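These numbers come from a predicted model, not from an experiment.
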Amino acid sequence: MKNIERFRILVMGRANAGKTTLLQSVCNSSDQPEVFDGNGHKIDCGTVQGTLMRGYHVVERELVFRSNPRFVFHDSCGFESGSAQQFNQMKEFVVERAASRRINQRIHAIWFCIPMTDSHRTVTAAEQKFFNECDTGHVPVIVLLTKVDTLNLDAIQELEYKDLGIEGAEDKIANKERELLEKWLVHIKGVLDNCKYPPSGYVSLKNMHERSADSTALLQCTANALHEEGLQRLLISTQQSNIALCVEYAVKM
């Protein structure tokens with residue numbers, strides 16, 4: 001593990017799943033990432049923006065934030081609306097990078113985003129296809145329930161016909177929000193855990209657009225899912241925002 005310089009993550013999920021906001025939070029940045037090709041050459045942002053249409057992606061490209069260049073991200077976005085060829089390209093990338101002989105090119109974890117804004121279709125056919133057909137080997141896949149804060153509106157709408165009253169209304173809404181999240185989480189687990197290659201873990205993320213957003217649960221879940229102690233050390237040392245997490249794993253190791 002001494003020769004591995006950066007922690008590499010493949011981020012997957014639907015368009016508008018909050019992936020960029022998530023990565024900004026993890027890297028403690030409000031800037032857009034710099035984009036590099038597979039050979040480390042920087043790509044002009046204007047060129048990138050011109051090609052980011054739904055169902056189109058270049059998964060080999062590397063996304064790096066200046067605030068924390070030891071994280072390298074790959075984005076496999078929008079494949080739920082792409083062709084079989086695009087799905088196969090993504091699958092080939094996962095298989096190749098999971099066991100690449102070039103150790104600094106290997107992916108170490110996969111974050112699969114499912115937004116709660118689409119709670120009426122929490123698990124799509126394309127997502128089930130991934131978990132049934134894509135063997136990621138030793139690379140853990142963590143399912144992230146993103147934009148959980150949008151369930152607040154769902155909770156209010158479910159309670160709007162009841163006499164909430166001013167007193168206790170906030171608590172009732174918060175309880176209903178937690179109830180809805182638990183319901184969808186149970187549903188998603190029920191579908192994906194029965195797939196051929198189920199996820200290694202699940203994390204719900206709320207208010208990731210806020211400065212106070214906390215990615216501790218995500219980093220902790222990812223670290224726990226890694227099979228090698230060296231990779232756990234690499235991830236914990238790469239993240240710079242949570243001293244408590246560093247201390248916790250320093251004690252464990």
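Residues passing the salt bridge (Lys or Arg N to Asp or Glu O under 4.0 Å) test with E179, sequence neighbours excluded: K176. By the salt bridge (Lys or Arg N to Asp or Glu O under 4.0 Å) test, R106 pairs with no residue at all, sequence neighbours left out. Scored by the side-chain contact (heavy atoms from CB on, under 4.5 Å) test, C195 finds F131, N132, L192 as partners (sequence neighbours excluded). For H187, the side-chain contact (heavy atoms from CB on, under 4.5 Å) criterion is met by T122, W184, V191, not counting sequence neighbours. In this structure, R101 has no salt bridge (Lys or Arg N to Asp or Glu O under 4.0 Å) partners at least two apart in sequence or on a different chain. With sequence neighbours excluded, the residues forming a ring pair (Phe, Tyr, Trp, His ring centres under 6.0 Å) with F93 are H74, listed by chain and number. Residues satisfying the side chain to side chain donor-acceptor pair (under 3.5 Å) test with T146, not counting sequence neighbours, are none. Under the salt bridge (Lys or Arg N to Asp or Glu O under 4.0 Å) criterion, E133 pairs with K129, sequence neighbours left out. Listed by chain and number, the residues in a side-chain contact (heavy atoms from CB on, under 4.5 Å) with D193 are K189, P198, P199, Y202 (sequence neighbours excluded). Residues satisfying the side chain to side chain donor-acceptor pair (under 3.5 Å) criterion with N152, sequence neighbours excluded, are E177. With sequence neighbours excluded, the residues that form a side-chain contact (heavy atoms from CB on, under 4.5 Å) with R178 are A174, N175.
Checked by atom type and distance alone, the side chain of K19 pairs as donor or acceptor with a backbone atom of G13 at under 3.5 Å.
Among residues at least two apart or in separate chains, ring pair (Phe, Tyr, Trp, His ring centres under 6.0 Å) pairs with a member in residues 3-37 are F7-H108.
Under a 4.0 Å N-O distance rule, the pair D31/R66 does not qualify as a salt bridge.
Checked against the 6.0 Å centroid criterion, the rings of F87 and F130 do not qualify as a close aromatic pair.
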